[in-house]
Undergrad: 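Structure incoming, see below.
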Amino acid sequence: MGLFDKLAGWLGLKKEVNVLCLGLDNSGKTTIINQLKPTNAQAQDIVPTIGFSIEKFKTSSLSFTVFDMSGQGRYRNLWEHYYKEGQAIIFVIDSADKLRMVVAKEELDTLLNHPDIKHRRIPILFFANKMDVRDALSSVKVSQLLCLENIKDKPWHICATNALKGEGLQEGVDWLQDQIKTMRT
Amino acid sequence: MSESGSDGGKWLDAHYDPVASLYTFSSCVDLADLSGDGESRLVVGDLGSGSSGMKLKVFRGTALMSESTLLDLPAGLVAFFMDLHEPRIPAVAVASGPCIYVYKNLRPYFKFTLPSLEVNTLEQDVWQQVREGQIDPPTLKEMLESIRMKADVPLSVRSLRFLSLDTSDMGEYVQLHKQQPIRRQTVITCIGTLKKSTADEDGVSCLVIGTECSDVYILDPEAFIVLYKMSLPAAPTLMDVTGQYDVEFRITVACRNGNIYILRRESDKPKYCIELASHPVGLVRVGKIVVVGCADESLQGFTQKGKKLWRIVLPAPIITMAAMDLPTRGFQAVLVGLANCEVQLYREKNLLSTIKTPDVVTSICFGRYGREDGTLIMTTKGGGLMVKILKRTAVFDDRDSSAGPPLAQSVRLNVPKKTKLYVDQTLRERENGLAMHRAFQMDLSRLRLAAAKAYVKALESSLTPMSSSLTEPLKMNAVVQGLGPSFKLTLNVQNTAACRPVMNLAVSFLYDENLYRMRNPYMRIPLLVPGLIYPIETFVECTSDRGISDIIKVFILTKGRSSPLLTAHINMPVSEGLTLN
């Protein structure tokens, strides 16, 4: 970290990072973003996102601007318009929806092969969400089904989460923060 | 995710369980949001082994969520909204035998039995006499048979069963049944739904049922009374319903006599009739077109008034058919399951894609399953369950596969105007046509003669680099390397015979001795194995310093023949080595 960054840190100025939050509908993207916001800013009711919404939250050293994209089929073609701006990607998976795991994989493959993403070394954080559901798949199984081991040119990390209680989220965000810091220096 | 070439990777393989032990047909499969949480479930009337194990199964995602036993073989299954209560949860109606079992929240809710039919009075009298002990079983059999032969009203199931029994079992059967009153009942053959007054997705629907005695009933969804009754000339087997009961509706019915009838509101008799050449095995309506699959491996399209639009021949017999309707993309097509383990997708008469399946598909259902709109659910003959999801990016291109004039034919050509020169030439050609043709033919003959002469000459003097001799088929090419005055001359000789080697060959060179000196102007060629290329190398030295070049002739000779087998002329390059000095 450079001297200026340290100075900025002391002054309370934090670096801005744009993060894209992607995933199928009903996977829990908005719920996860809501959990990461400060307690007083959290919404009570989560409704399906239409189009996208922009949310902000801060961690110890970074200020995140999250593009919370809608996961519904008809809005998924909007995702690619924001790939250029994104400096990191959060990909949320509904671990309990075994049937649509192929759809999640298909969308992930499309994302990774997009020209705006393909040749950039941007970190991808996977949240295997809904771990509280009775027959949810483990994060290892999810990463197997999505063939995550084939991602060789980008740093990635998968966390098992329960967005309703916020379990596992902090671990993922800490990893993302470290990755963004190492990218900058 | 495997992508088979024929379907162009349009489908994602979401789930395949080859041993789901699900034996059913398209009429007994439906998708419905049974818990009101926005996730559709798969409801299946499982026929089991055909005599036992009939079940109503509900799948959620990849797992079986619930199952309940059915009393009889299901003939049809539909999910429908029977009331306006919130939350909007559809009921499931299972038609089996003469009854419709209605399930709400997956619990038995109501049982509707078809009204019983009129019983033959003679038959009733005969059984009355049996009850009083006046006649014995053999006489009963005789009397029933005579009634069966001439009566207008058919016999009841009990009498028919009695007639089919052996003489030894008759007494027992009569003892068992004679006290009960005779009833004649029909069975349901097909079932459909008809929106009552609104076209909304979650509007209340009436049940439409077709029966074995050639009637079609429309039932009120709340009171379960017969709202409307229509008669057909034959027993219906397949049914499609569209419209609203209170406004206008149209029921398309395929019947067992090989005809299709179209029923409409305000008429209890069929309005239109389509007479098919072969029996119908599938009936699907796409928009305003009725698509019928026939037993003669054909798919036919008709208008709603029964006018034939098209007919295509399929590669295999049809097993099942279903509509593929994707309103979010405005896409409508027909899925046809064939006996050759393929499911083909047709938009009108054009084949859009083919899905290969590991087993013969017996039921197809397309719609919203779980949270995915474009889901294709198939069950196979071996009891497997297959779920495929249409890719978001999949596009079906409508290529017209039918034979016809190509598109280019209808494009107008840009023909230039007739000029004076063109008209004059045309006139001249018209007048002197005969002379022009003769002149052309003579020139053509001369050209052919000249070509033949040249060829013969070349053959006679063996000037070609290809040997024409049948015993020694050879091929040669020559390469000159170097700047001079010393050149390297490489001859690549190949025996082109299939298996015979060539022996006793030699190479000789003819050149101007004032210009060139050759180290060995005569060489023997070793035995040539067929197919291999033999490089033969020699060195040529240019002795002149005047910067001129000449031709070196190469001859391939064979023992005992004066004329060479092959001749090649090598244009030697100008020696640059000497001029540099």
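Reminder, nothing fancy here: chain letters follow the sequence lines and each chain counts from 1.
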Undergrad: What's the spacing between M101(A) CE and I389(B) CD1 if we round to 0.5 Å?
TA: 11.5 Å
Undergrad: Go through the steps for K105(A) and L12(B) under the test side-chain contact (heavy atoms from CB on, under 4.5 Å), then give the verdict.
TA: CA-CA 10 Å; K105(A) 177 172 162 37; L12(B) 299 169; over 6 Å; no
Undergrad: Going from CZ on R60(B) to NZ on K98(A), what distance comes out if it is rounded to the nearest 0.5 angstrom?
TA: 10.0 Å
Undergrad: Hey, does E372(B) have a side-chain heavy atom less than 4.5 Å from the side chain of L99(A)?
TA: no
Undergrad: Taking atom CD of Q72(A) and atom OG1 of T328(B), what is their separation to the nearest 0.5 Å?
TA: 11.5 Å
Undergrad: Take atom NZ of K37(A) as the centre, draw a 6.0 Å sphere, and report whether it contains more than 12 heavy atoms from other residues, nucleotides or ligands.
TA: yes
Undergrad: Tell me the closest heavy-atom pair linking N26(A) and R371(B), and the distance in Å.
TA: CB-NE, 3.1 Å
Undergrad: Where on D135(A) is there a heavy atom nearer than 4.5 Å to chain B: the side chain, the backbone, both, or neither?
TA: neither
Undergrad: Is Y83(A) atom OH crowded by more than 12 heavy atoms from other residues, nucleotides or ligands, each under 6.0 Å away?
TA: yes
Undergrad: Crowded around E201(B) CD? As in, over 12 foreign heavy atoms under 6.0 Å?
TA: no
Undergrad: Does any part of the side chain of E107(A), heavy atoms only, come nearer than 4.5 Å to the side chain of R392(B), both counted from C-beta?
TA: yes
